[in-house]
Amino acid sequence: MDAQSTHISLVEMSNYQLATGKKNLPGDFALWIFIFAEMLVFGVLFVAYAFTRAYHIELFNESQLTLSRTSGAINTLVLITSSYFVVRGVTAIKQGVSKQCAYWLTGAFLLGGIFISIKLVEFHAKYAADISMSTNAFYMFYLSLTFFHFMHVLMGMIILAFIIVKVRRGGYSAQDYVGVETGASFWHMVDFLWIILFPLVYIIR
Amino acid sequence: MKQANPQSNIGATVIWLILVVLTLTTWRIGEAGMVGKSTMLLLLFIAMIKSQIVANYFMALRHTRLIWRAIMFGYFVIVGGLIAFAYLISLA
């Protein structure tokens with residue numbers, strides 16, 4: 001796409017926004033492509049889990065009982081709260097209050113750390129019990145799904161860390177906050193996916 | 001220090017509280033040992049409400065074109081629907 005056609009499509013998008021009052025996706029569109037791709041991968045894994053379970057019900061139900069539902073619920077609350085903190089951070093930067101934005105995003109980052117810590121305790125408990133991906137089909141899905149998600153939380157924390165540093169240096173303002181919205185969208189995706197993963201793997205039986 | 005307008009955050013706080021209540025409901029259902037078709041459908045319904053709240057309010061998709069909200073809703077309908085289908089054939 002050349003510069004002129006890019007300019008025309010941006011003008012068309014602006015005209016659409018003016019005519020309908022509807023905005024385009026918050027943040028950088030390129031990241032949204034990544035978000036949709038990640039959701040697709042997780043979606044396939046969720047469905048594969050459910051259909052594999054359908055043919056190994058007793059094994060899945062028995063193995064599922066070894067998971068800590070309380071740890072899963074606490075982690076859900078941690079992620080939901082961190083998402084709320086990110087929302088507050090985005091609102092703050094839109095109002096030009098950089099300092100508050102940095103505080104909220106730092107809070108979200110720290111909650112991400114709590115999520116990671118709880119997951120590490122869970123993984124360690126399974127490792128100590130000599131449970132691995134090759135133990136059975138349930139643990140193969142449990143460990144791969146939660147570890148894949150764990151890596152996304154880590155990635156989200158790295159993104160948040162870069163944004164926090166830039167916010168503290170005055171790199172964003174009420175006029176320029178696309179970067180903050182982009183990082184926020186990724187963080188909310190991590191939350192969105194855990195909201196499905198938690199009942200699927202820890203609760204439904 | 002410049003302060004953010006507190007009025008703009010009331011909605012987000014209410015949404016967060018709803019998500020907390022729904023999460024605790026899911027956890028309680030698990031702790032109570034509830035099983036079966038109705039419980040599975042209820043848990044998926046709660047997950048759908050939570051995921052759409054996150055998409056529309058936290059991701060702010062409610063301000064965007066219908067297509068983006070349809071994708072997020074369609075995603076849950078397809079994934080959640082297939083999960084429900086798999087559980088139903090296991091109960092049959």
Side-chain angles (χ1 to χ4, degrees), chain A residues 16 20-26 32 36 39-40 42-44 46-47 49-55 57 61 69-70 72-74 76-77 80-81 83-84 86-88 90-101 181 184-185 187-189 191-193 195-196 198-200 202-205, chain B residues 1-5 8-9 11-13 15-17 19-20 22-24 26-31 33-36 39-40 43-44 46-48 50-55 57-61 63-66 68 71-72 75-76 78-92:
Chain A
Y16 177 86
T20 63
K22 294 288 181 189
K23 297 175 188 169
N24 288 300
L25 290 167
W32 278 93
F36 290 136
M39 285 172 58
L40 194 63
F42 270 97
V44 169
F46 292 154
V47 172
Y49 170 93
F51 276 93
T52 308
R53 180 193 174 278
Y55 297 99
I57 299 171
N61 284 348
R69 288 183 293 273
T70 303
I74 290 171
T76 311
L77 293 174
I80 283 169
T81 307
S83 260
Y84 168 70
V86 167
V87 169
R88 295 293 300 262
V90 171
T91 306
I93 198 67
K94 282 181 176 176
Q95 294 174 356
V97 197
S98 296
K99 221 169 188 175
Q100 276 194 19
C101 173
E181 278 191 329
S185 298
W187 193 256
H188 295 316
M189 176 206 70
D191 187 15
F192 180 96
L193 292 170
I195 280 171
I196 302 172
F198 168 57
L200 179 68
Y202 287 78
I203 308 284
I204 295 176
R205 43 190 289 108
Chain B
M1 188 175 100
K2 195 177 172 186
Q3 296 286 320
N5 176 11
S8 59
N9 296 311
T13 306
I15 291 296
W16 171 71
L17 283 171
L19 290 169
V20 168
L22 290 173
T23 299
L24 293 174
T26 300
W27 174 71
R28 276 305 306 158
I29 289 171
E31 289 296 295
M34 291 169 67
V35 293
T39 305
M40 178 271 293
L43 288 165
L44 282 178
I46 291 172
M48 184 185 78
K50 287 170 71 182
S51 65
Q52 296 311 302
I53 284 175
V54 168
Y57 291 92
F58 281 5
M59 286 175 148
L61 295 188
H63 299 306
T64 64
R65 300 165 76 166
L66 178 64
W68 305 122
I71 287 173
M72 298 304 269
Y75 175 84
F76 195 91
I78 293 168
V79 173
L82 285 169
I83 290 169
F85 177 70
Y87 273 76
L88 291 176
I89 59 170
S90 74
L91 293 172

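In what follows, chains carry the letters A, B, and so on, assigned in the order in which the sequence lines appear, proteins first and then strands, with residues in each chain numbered from 1. Here the structure is a predicted model, which means the values were calculated and not measured.
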Side-chain contact test, heavy atoms from C-beta onward, threshold under 4.5 Å: evaluate it for [X] versus [Y] and give yes or no.
X      : Y      : answer
A/I204 : B/L44  : yes
B/K50  : A/T76  : yes
B/T13  : A/R88  : yes
A/F51  : B/F85  : yes
A/F36  : B/W68  : yes
B/F76  : A/I196 : yes

- Message: Is there a side-chain contact (heavy atoms from CB on, under 4.5 Å) between B/Y87 and A/L200? Walk through the geometry before answering.
- Response: CA-CA 11 Å; B/Y87 273 76; A/L200 179 68; 4.3 Å; yes
Which pair of non-hydrogen atoms, one from [X] and one from [Y], has the smallest distance, and what is that distance?
X      : Y     : result
B/S90  : A/A54 : CB-CA, 3.6 Å
A/I203 : B/G30 : CG2-CA, 3.7 Å
B/T64  : A/P26 : CG2-CD, 4.1 Å
B/W27  : A/A73 : CD1-CB, 3.4 Å

- So A/Y84 and B/F58, would you call those rings parallel, tilted or perpendicular, with 30° and 60° as cut-offs?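 A/Y84 vs B/F58 ring planes: tilted.
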Does any backbone or side-chain atom of [X] lie under 4.5 Å from a heavy atom of chain A? Answer side chain, backbone, both or neither.
X     : answer
B/L24 : side chain
B/L61 : side chain
B/V79 : both
B/I78 : neither

For [X], is it the side chain, the backbone, both, or neither that has a heavy atom closer than 4.5 Å to a heavy atom of chain B?
X     : result
A/S98 : neither
A/I57 : side chain
A/Y49 : side chain
A/T70 : both
A/S83 : both
A/W32 : side chain

Once you round to the nearest 0.5 Å, how far does [atom1] of [X] lie from [atom2] of [Y]?
X     : Y      : atom1 : atom2 : value
B/I53 : A/I195 : CD1   : CD1   : 8.5 Å
A/I74 : B/T23  : CD1   : OG1   : 12.0 Å
B/L22 : A/I80  : CG    : CD1   : 8.0 Å
B/M72 : A/F192 : CE    : CZ    : 4.0 Å
A/T81 : B/W16  : OG1   : CH2   : 5.0 Å

- For chain A, which of B/G33, B/A55, B/S51 has the most heavy-atom pairs under 4.5 Å?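 Between B/G33, B/A55, B/S51, the count favours B/S51.
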- Determine the option with the most heavy-atom pairs under 4.5 angstrom with chain B, choosing from A/M39, A/K94, A/R205, A/E181.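 With the most close heavy-atom pairs to chain B, the winner is A/M39.
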- Sort out for me which of A/G72, A/P199, A/G43 touches chain B most, counting heavy-atom pairs under 4.5 Å.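 Top option by heavy-atom pairs under 4.5 Å: A/G43.
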- Message: For the OH atom on B/Y57, are there more than 12 heavy atoms of other groups (residues, nucleotides or ligands in this structure) within a distance under 6.0 Å?
- Response: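 Not more than 12 within 6.0 Å, no.
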- Message: Does A/Y55 form a side-chain contact (heavy atoms from CB on, under 4.5 Å) with B/I89? I'd like the steps, not just the answer.
- Response: CA-CA 9 Å; A/Y55 297 99; B/I89 59 170; 4.2 Å; yes
